[in-house]
Number of protein chains: 2
Amino acid sequence: MKPTIYDVAKEAGVAISTVSKVINKTGSIGKETKMKVLDTIRKLEYQPSVVASALTKKRIQTIGLLVPNIANPFMAEIARSIEDCGRALGFSLIICSTDNDLDKEIEYISILKQKYIDGIIIATGLKNDNAIKELIDSKIPVVMLSRDVPSLAVNTVVVDDFLGAYQATWFLKELEHEKIAMITEDVNFPAVKARVLGYQEALEEAGIRYDEKLVIKNNATYIDGIRAAQELLNLPDPPTAIFASTEVLAIGAIRGARELGFHVPKDLSVVGFDDTILASMFDPPITTVAQPIHDMGKKVIELLCDEINESKKVKQRIVLSPELVVRGTTSRNEKSLS
Amino acid sequence: MKPTIYDVAKEAGVAISTVSKVINKTGSIGKETKMKVLDTIRKLEYQPSVVASALTKKRIQTIGLLVPNIANPFMAEIARSIEDCGRALGFSLIICSTDNDLDKEIEYISILKQKYIDGIIIATGLKNDNAIKELIDSKIPVVMLSRDVPSLAVNTVVVDDFLGAYQATWFLKELEHEKIAMITEDVNFPAVKARVLGYQEALEEAGIRYDEKLVIKNNATYIDGIRAAQELLNLPDPPTAIFASTEVLAIGAIRGARELGFHVPKDLSVVGFDDTILASMFDPPITTVAQPIHDMGKKVIELLCDEINESKKVKQRIVLSPELVVRGTTSRNEKSLS
DNA sequence: ATGAAAGCGCTAACAA
DNA sequence: TTGTTAGCGCTTTCAT
């Protein structure tokens, strides 16, 4: 049987509370006894039970991560970043793929609570914020990732979607593109709306008239990307550049363009968003707005720890800047010279 | 404060053991009291503490998944499958990315043990099996996924790598390719070796002489794929087809070929392995040996549950068949007609 | 069928 | 500085 704190205490000839103290570095213990305890812990290969301590401390050194789908490369990369940052602080990571389904989200939150999880990171995008509200009311440390809940005071880490879209669009403008289209998901999330706004702002500053026929909203699948691009390219006066608000949409758009005989980037420039493995492995590698995935994980864990330790009671909202990564799907607009 | 089992008992006017029994469906309880208890549970919104019960039952309804890297699309898809199958049975999933680093693997295993995890799924590939041996000796339910430990009796789920490689190679042969190369990771894992063997076997049956210059072993990065393909295509008598033992290698190979002016699939056919999102989103979509990701997750959870419940004491080794998915990176060899 | 009580392994007062 | 002890919330005999 695995040794318990009692075994250690007996073997070392001290009380269990003494052992507990040296393990948790609480209270004060004599250097002598401390060494003795440490020695027998090593000798017995004793490992404290996280579960037993969780019963009193209400913490099990584990955090939950709610994502739409861990199979989505962007989420998987985010998860990896969070896992690493969390591990450094002793946290394990439970993955919860909700498919953006409210019922699953509620179910997962309920389960995580039952398990005395230390905190929850929410990176799902839902229409309904009630589940989140209740969560926060129940005093469980929460931080939102890439998701704003405007009506709530809650720790949040987001990237500047407006800026990212602006950068992408402006870059296209500097490449002398004038008809710049946008493909995006058709939902009401602040993040999505901000990207459209950033696109519009850049156009305006560039002196390009905003044309709503050039903005295609739909779902965000590969197929949607293909369709949207083809719809755009079949226009009487088709765009020479497309800003896709997602890597998958960008890849779909490229595919759609190619099927119509357009060459990327010669005939059509495409900029994506996220910078997942999909962008760098595609041929040509995709010019894209990179989310600072590593920083996002780091900040999110920092905020969560602050919340867990109650060291800071003020909620924070951290906005990280994205960065345009220029690769092979964009080029100067030749038509504008004619 | 969250209600405890005591609150429920008091409110319902019964003993806590009675409440415990109705929750766990153990022992026998009168229909009357059962209803009464159930009602007050609902009324109080009582949720039993998994942690407290774990203290006696030694189970926390959570399993650990050791993978090289959750950011790897194949592993992320596997994780999703396992998550879903596990959730149906009430398990949460803790992700542990080891980077195939023995120290991290050991550290993770140790942490998982401390947390009274119910079982561990190991999908990492390591040179050293000692950590696994100890794990199994310590009676924690374990199942290996895509990893054989020949010297150990342990539940295992693998796909038939030999068969997959055979199918890929044979398919290429049926396309009348005669010079078929292979690119693979250079490690000693049974899975990797089996793929090389399957390739060789198919060649032999096809009456094609095995040429070791056509087998490039290296790491398994995108860059390695590029280099390997270029090395092959620069041969005096270059291959017309490449079987890459990984999606990433396949994508690298295609890129390498294109840089040299080869068209895929006209000048060079490429077959990959895994069938992740990378394969279907690439342009053209990649012909690949699909691993039955969903079945793998299902079987792995089944085995783990058997082990957890001790219902079956015989260790099993389940071999799943891969399936060739023909897409756009393969075509008939035109040169053979000349 | 139901209840009383002894743990599970640890933490945290409180004493000494 | 060290030890005693009462929980934490639940499961599980063993009585009743």
Side-chain angles (χ1 to χ4, degrees), chain A residues 1-38 40-41 44-62 90 110-111 113-118 139 309, chain B residues 1-38 40-41 44-62 90 110-111 113-118 139 309:
Chain A
M1 213 33 226
K2 271 186 64 174
T4 72
I5 198 171
Y6 286 94
D7 301 318
V8 176
K10 193 190 293 174
E11 180 76 20
V14 298
I16 59 166
S17 57
T18 305
V19 178
S20 176
K21 278 165 198 157
V22 351
I23 292 171
N24 298 293
K25 307 187 200 330
T26 55
S28 45
I29 15 75
K31 201 158 177 94
E32 286 281 288
T33 36
K34 182 175 174 180
M35 294 312 290
K36 198 168 49 181
V37 170
L38 253 19
T40 82
I41 284 180
L44 267 44
E45 294 185 6
Y46 166 71
Q47 294 184 319
S49 156
V50 174
V51 168
S53 83
L55 199 50
T56 34
K57 295 208 288 198
K58 260 95 187 100
R59 295 191 194 164
I60 198 164
Q61 304 269 73
T62 301
S110 163
I111 291 175
K113 274 191 195 170
Q114 287 186 41
K115 291 186 180 162
Y116 289 177
I117 236 69
D118 297 50
K139 302 296 177 205
N309 302 323
Chain B
M1 210 36 222
K2 271 187 65 175
T4 72
I5 198 171
Y6 286 94
D7 301 318
V8 176
K10 192 190 295 174
E11 180 77 19
V14 297
I16 60 166
S17 55
T18 304
V19 177
S20 176
K21 278 165 196 157
V22 350
I23 292 170
N24 298 293
K25 306 190 201 329
T26 54
S28 45
I29 13 73
K31 202 159 177 89
E32 287 280 290
T33 36
K34 181 173 175 180
M35 294 312 290
K36 196 169 50 182
V37 169
L38 252 21
T40 82
I41 285 181
L44 267 45
E45 294 186 7
Y46 167 71
Q47 294 184 320
S49 157
V50 174
V51 168
S53 82
L55 199 51
T56 33
K57 294 208 288 201
K58 261 92 187 103
R59 295 191 193 164
I60 199 164
Q61 304 268 74
T62 301
S110 162
I111 291 175
K113 274 191 194 170
Q114 288 185 41
K115 290 186 180 164
Y116 289 176
I117 234 70
D118 298 49
K139 300 296 178 208
N309 302 322

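Every chain is numbered from 1, with letters handed out A, B, ... down the list of sequences.
- With D:dT12, D:dT1, C:dC10 as the candidates, the nucleotide lying closest to the side chain of A:Ser28 is D:dT1.
- When heavy atoms are screened at a 4.0 angstrom cut-off, B:Ser53 is found touching the sugar-phosphate backbone but no base atom.
- Summarising the geometry, the separation between CD1 on B:Ile41 and P on D:dC10 is reported as 10 Å, rounded to the nearest angstrom.
- Residue A:Thr4 is classed as a sugar-phosphate contact, given heavy-atom separations below 4.0 Å to backbone atoms only.
- Atom NZ of A:Lys25 and atom P of C:dT11 are 12 Å apart (whole Å).
- Using a 3.5 Å distance cut-off with no hydrogens or angles, the side chains of A:Ser49 and B:Gln114 do not pair a donor with an acceptor.
- In terms of position on DNA chain C, the residue among A:Ile16 and B:Leu55 whose nearest nucleotide sits closer to the 5' end is B:Leu55.
- Contact annotation: side chain of B:Thr56 to base of C:dG7, donor-acceptor pair absent below 3.5 Å.
- Looking at A:Tyr6, its side chain comes within 3.5 Å of the base of C:dC10 through a donor and an acceptor atom.
- Nucleic acid contact class of B:Thr33 (heavy atoms, under 4.0 Å, all strands): sugar-phosphate only.
- In this entry the distance linking CD1 of A:Ile29 with P of D:dG3 reads 12 Å, nearest Å.
- On a pure distance criterion of 3.5 Å, a polar donor-acceptor pair joins the side chain of B:Lys21 and the base of C:dG3.
- Atom pair B:Gln61:CD and D:dC10:C1' shows a separation of 14 Å (rounding to whole Å applied).
- Between B:Ile60 atom CD1 and C:dC8 atom C1' the separation is 13 Å, expressed in whole Å.
- Of all nucleotides listed (D:dC10, D:dG3, D:dT2), D:dG3 comes nearest to the side chain of A:Val14.
- Spacing between atom NZ of A:Lys10 and atom P of D:dT2 amounts to 21 Å, rounded to whole angstrom units.
- If you take CG of B:Asn24 and C1' of D:dT12, they are 10 Å apart, rounded to a whole angstrom.
- Summarising the geometry, atom OH belonging to A:Tyr46 is positioned 7.0 Å from atom CD1 belonging to A:Ile41; distances are rounded to the nearest 0.5 Å.
- A:Leu44 has its CG atom 15 Å from the C1' atom of C:dG9, to the nearest Å.
- Picking from C:dT2, D:dG3, C:dC10 the nucleotide with the shortest atom distance to the side chain of B:Thr18 gives C:dT2.
- Across all strands, A:Ser17 comes closer than 4.0 Å to base atoms (heavy-atom distances).
- When side chains are defined from C-beta on, A:Asn24 counts as touching A:Lys57, because their heavy atoms get closer than 4.5 Å.
- Checking C:dT2, D:dT11, C:dG9 against the side-chain heavy atoms of B:Tyr116 singles out C:dG9 as nearest.
- Here the straight-line distance linking atom OG1 of A:Thr33 with atom NZ of A:Lys31 works out to 11.0 Å at 0.5 Å rounding.
- Applying the 6.0 Å contact sphere to NZ of B:Lys10 captures no more than 12 heavy atoms from other residues, nucleotides or ligands.
- Taking every heavy atom of both residues into account, A:Leu44 and A:Pro3 meet most closely at O-CG, 3.5 Å.
- Considering only side-chain N and O atoms, B:Lys58 lies under 4.0 angstrom from the phosphate OP1 or OP2 of C:dG9.
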